[in-house]
Number of protein chains: 2
Amino acid sequence: MANIREIAKLAGVSVATVSRVLNNHPYVREEKRHAVQQAMDSLDYRRNLTAIHLSKGTTNLIGVVLPSIDIPYFSNIIEGIAEEGLQHNLQLVLVQTNYEISKELDALELLRGNLIDGLIFTSRAVSLDIIKQYNGNGPVVLCEDSDQLEFPSISIPHEQAFQRGLDYLISKGHSRIAYTLGRKTGANSQKRTTAYQAIMKKINEPIRDDWVFDKCLTITDGRQIIHKYNRLKEKPTAFLATNDQVAAGLIFGAQNDGLTVPYDIAVLSFDNQPISEVMNISTIDIPIKEIGRKAVQTLVEGKSAKKQKISLPFQLIERKTV
Amino acid sequence: MANIREIAKLAGVSVATVSRVLNNHPYVREEKRHAVQQAMDSLDYRRNLTAIHLSKGTTNLIGVVLPSIDIPYFSNIIEGIAEEGLQHNLQLVLVQTNYEISKELDALELLRGNLIDGLIFTSRAVSLDIIKQYNGNGPVVLCEDSDQLEFPSISIPHEQAFQRGLDYLISKGHSRIAYTLGRKTGANSQKRTTAYQAIMKKINEPIRDDWVFDKCLTITDGRQIIHKYNRLKEKPTAFLATNDQVAAGLIFGAQNDGLTVPYDIAVLSFDNQPISEVMNISTIDIPIKEIGRKAVQTLVEGKSAKKQKISLPFQLIERKTV
DNA sequence: TTGTAGGCGTTATCAG
DNA sequence: CTGATAACGCCTACAA
């Protein structure tokens, strides 16, 4: 593999000059520039990116940690990240974690090891205190509804959004409301739970542990819930679902068991993915892709900008399942 | 940021020794090893990965080109790639292309620039001749049903699988069969078309251009097809769909228009994703994740192994939409 | 068992 | 405008 030195020799110039033409610097006489071009062409030269990275101390690579790429919410965020990344000439290094802390630490080590210039957590299991220890190794941004100001964060206000959903259900006559969560301990889920408890208290409804369903992320998870629902002594009349996939599963399960949506049970979800439109599922729209885009923008602004919390708008979409 | 030299100085040894303990080489006296550890701890040392890459000439990074991460088929492949990559200590660099050739070339340039050790095409728009020009820069593997032997490829036999699907539909009494494709010019799609034309000829049915629907990948695409179906003068009695999402969209559209599945139209699809199970869609199972895993394995075997074509099994799953 | 020194391929500073 | 040359941080013969 030809390197810059060989090009220099062949073109009869110094490596510095080659580097100059490589980087479109001014002050290179046209004939030399030409000679260098010739040499590069004839040797089919390509610069070694790793060497550039080492020399520059930056890689144009950003890490993205996500639990599973197979969940539309996350693949949507990635899509936003990828689009915006392209804009800034950034490549993406994916770190799939399944919420395993050790994998998240691996991602942090990539940052510390200077392989990536910054890191986006689309979700996390590791504590913020741990992440703080990596301060100074590069910007970190969180895609979560966060109260701290140590790291920039991008999210919709989950507590308000969940409240909005509950209010809507209540306005439709429901008071016996169950809900599902992706991962109880997640930052966003905790906000949702906070909202739930507040509203239930307000309308004098008890908090029933068996009306909150944890680890619900997929259509299959949603489908399973109906089995549990059937075994419930006291049954809710409405579900506020983690996302559209879970809602879809719930609805299929209900129909399968002869229940009518929204009369026997109402279903409201989050995300507003295509499946919700096709299935006429009432949902709360989240600008997921925009979260990804903003995450990259924030990362690029880097330390120059102050750590801010960016709050994106959500919107209730009324369709036919409530 | 502390580097290996500072550690050496602090520990009172040479950089070589530090490097040795870093890489768990034998022949380091325990006390020196200890001193180095101490020094590294006290300076919170982390090796610079970029430097290692430059020095070793390898990065443990592999590129993955995919048109869109937002399509379950692709996110599934990625999932397989990520899992297997973990096994081999490989990180993933994602290159989202939207089938734009220029982006695929960018990925190839990452290979040529030694940023990645190998490249997996989960799908491609660029011609094989172009990819061949990058030979020698690192292994390339294709996730497609390919006839060439220049590059290793992993796939199910799409022609046979499509035949199997058609035979099944025919056995259920259908002869007026429409089909949808993700991208007509894709390698896999072409195999499907070949199978379609052969079988239609065999049963003496004409090939009707308006019964093949291109650019169908999502649930929304499937939903749209029903609009077109309604405008058709001659209507098919069955659809063989690109994937389960398209099938789901088709089914919702049909139901919405008062059509009964499978009596008015039958639907058979590919992939066997969770949605097909929940919706009871008859489908042809493809071991998608396994394609990803095998792609990585093949990449790792690299040039040592001969370029082979790996054919994975498919399986017809009978459910309730045919 | 340890250290010296050269190499990986660029970039960038600083004279000229 | 151009060229030496020193980084960048690590690895690895080779020699001791």
Side-chain angles (χ1 to χ4, degrees), chain A residues 1-37 39-40 43-61 89 109-117 137-138, chain B residues 1-37 39-40 43-61 89 109-117 137-138:
Chain A
M1 188 73 73
N3 64 23
I4 202 175
R5 253 179 297 277
E6 293 182 46
I7 303 296
K9 192 180 300 175
L10 184 57
V13 300
S14 71
V15 294
T17 298
V18 177
S19 178
R20 289 194 186 94
V21 350
L22 237 22
N23 296 286
N24 288 313
H25 279 273
Y27 307 133
V28 178
R29 196 179 303 155
E30 193 46 50
E31 46 194 275
K32 297 224 173 194
R33 182 184 302 278
H34 196 68
V36 170
Q37 288 289 7
M40 295 198 303
L43 283 140
D44 192 28
Y45 171 79
R46 284 300 180 289
R47 55 218 298 180
N48 181 307
L49 297 170
T50 307
I52 296 178
H53 295 169
L54 176 60
S55 182
K56 293 202 153 171
T58 174
T59 64
N60 283 12
L61 251 31
N89 190 29
E109 288 298 338
L110 293 184
L111 189 61
R112 179 125 75 178
N114 291 295
L115 181 65
I116 53 181
D117 291 343
N137 296 94
Chain B
M1 190 70 74
N3 63 25
I4 202 176
R5 256 180 297 277
E6 294 182 45
I7 302 297
K9 193 180 301 174
L10 184 57
V13 300
S14 72
V15 294
T17 299
V18 176
S19 178
R20 290 193 187 96
V21 351
L22 237 22
N23 296 288
N24 289 313
H25 279 266
Y27 307 131
V28 179
R29 197 177 303 156
E30 193 46 51
E31 46 194 277
K32 298 226 172 194
R33 181 184 302 278
H34 195 68
V36 170
Q37 287 291 4
M40 296 198 305
L43 269 65
D44 193 28
Y45 171 79
R46 284 300 181 288
R47 55 216 299 180
N48 181 308
L49 297 170
T50 307
I52 296 177
H53 294 168
L54 176 59
S55 183
K56 294 202 151 169
T58 174
T59 64
N60 283 13
L61 251 32
N89 191 29
E109 287 298 338
L110 293 184
L111 188 62
R112 179 124 75 176
N114 289 295
L115 181 65
I116 53 181
D117 291 342
N137 295 96

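Values in this document were obtained by computation on a predicted structure and should not be read as measured data. In what follows, every chain begins at residue 1, and chains take the letters A, B, ... in the order their sequences are listed.
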| Which atom of Val15(B) lies closest to which atom of Ala8(B), heavy atoms considered |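 Where Val15(B) meets Ala8(B) most closely, the heavy atoms are N-CB, 3.7 Å.
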Within less than 4.0 Å of OP1 or OP2 of [N], is there a side-chain N or O belonging to [X]?
{"X": "Arg33(A)", "N": "dC1(D)", "result": "no"}
{"X": "Asn48(A)", "N": "dC8(C)", "result": "no"}
{"X": "Tyr45(A)", "N": "dT10(C)", "result": "yes"}
{"X": "Asn3(A)", "N": "dG9(C)", "result": "yes"}
{"X": "Ser19(B)", "N": "dC10(D)", "result": "no"}
{"X": "Asn114(A)", "N": "dG9(D)", "result": "no"}
{"X": "Ser14(B)", "N": "dG3(C)", "result": "yes"}
{"X": "Arg29(A)", "N": "dT2(D)", "result": "yes"}

Nearest-Å distance, [atom1] ([X]) to [atom2] ([N])?
{"X": "Leu22(B)", "N": "dC10(D)", "atom1": "CG", "atom2": "P", "value": "7 Å"}
{"X": "His25(B)", "N": "dC11(D)", "atom1": "NE2", "atom2": "P", "value": "8 Å"}
{"X": "Ile4(A)", "N": "dA12(C)", "atom1": "CD1", "atom2": "C1'", "value": "11 Å"}
{"X": "Asn137(A)", "N": "dG9(D)", "atom1": "CG", "atom2": "P", "value": "13 Å"}
{"X": "His53(A)", "N": "dA7(D)", "atom1": "NE2", "atom2": "C1'", "value": "18 Å"}
{"X": "Asn23(B)", "N": "dC11(D)", "atom1": "CG", "atom2": "P", "value": "5 Å"}
{"X": "Glu30(A)", "N": "dC1(D)", "atom1": "CD", "atom2": "P", "value": "10 Å"}
{"X": "Arg46(A)", "N": "dT10(C)", "atom1": "CZ", "atom2": "C1'", "value": "17 Å"}

With a 4.0 Å cut-off on heavy atoms, is [X] in touch with a base, just the backbone sugar-phosphate, or nothing at all?
{"X": "Arg5(B)", "result": "base"}
{"X": "Val28(B)", "result": "sugar-phosphate"}
{"X": "Thr17(A)", "result": "sugar-phosphate"}

| Can a donor-acceptor pair be found between the side chains of Asn114(B) and Thr50(A) at a distance below 3.5 Å? |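 Looking only at side-chain atoms, Thr50(A) and Asn114(B) do not form any donor-acceptor pair under 3.5 Å.
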| request: Could you check Val15(A) against Lys32(A) and say which one's nearest nucleotide on DNA chain D is further toward the 5' end? | output: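 Nearest nucleotide further toward 5': that of Lys32(A).
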| query | Toward the 5' end of DNA chain C, which comes first, Tyr27(B) or Ser55(B), by nearest nucleotide? | reply |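 Comparing both residues, the 5'-ward one is Tyr27(B).
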| said: I want to confirm an ordering. Mapping Glu31(B) and Leu54(B) to their closest nucleotides on DNA chain C, which one lands closer to the 5' end? | reply: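 The 5'-side residue here is Glu31(B).
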| query | Quick one: CG on Leu111(A) to CG on Leu49(B), what's the gap to the nearest 0.5 Å? | reply |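 Between atom CG of Leu111(A) and atom CG of Leu49(B) there are 10.5 Å.
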| Reported CZ-to-CZ distance for the pair Arg20(B) and Arg29(B), which is rounded to 0.5 angstrom |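 It is 12.5 Å, given to the nearest 0.5 Å.
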| The single option from Leu22(B), Val18(B), Val36(B) passing side chain to side chain contact (heavy atoms under 4.5 Å, CB included) against Tyr45(B) |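 In the set Leu22(B), Val18(B), Val36(B), the residue that makes a side chain to side chain contact (heavy atoms under 4.5 Å, CB included) with Tyr45(B) is Leu22(B).
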| Does a sphere of radius 6.0 Å around NE2 in His34(A) hold more than 12 heavy atoms from other residues, nucleotides or ligands, not counting ones at 6.0 Å or beyond? |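 No, because the 6.0 Å sphere around NE2 of His34(A) holds 12 heavy atoms or fewer from other groups.
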| For the side chain of Arg20(A) and the base of dG3(D), is some donor closer than 3.5 Å to an acceptor across the two? |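 Indeed, a donor on one side and an acceptor on the other fall under 3.5 Å apart.
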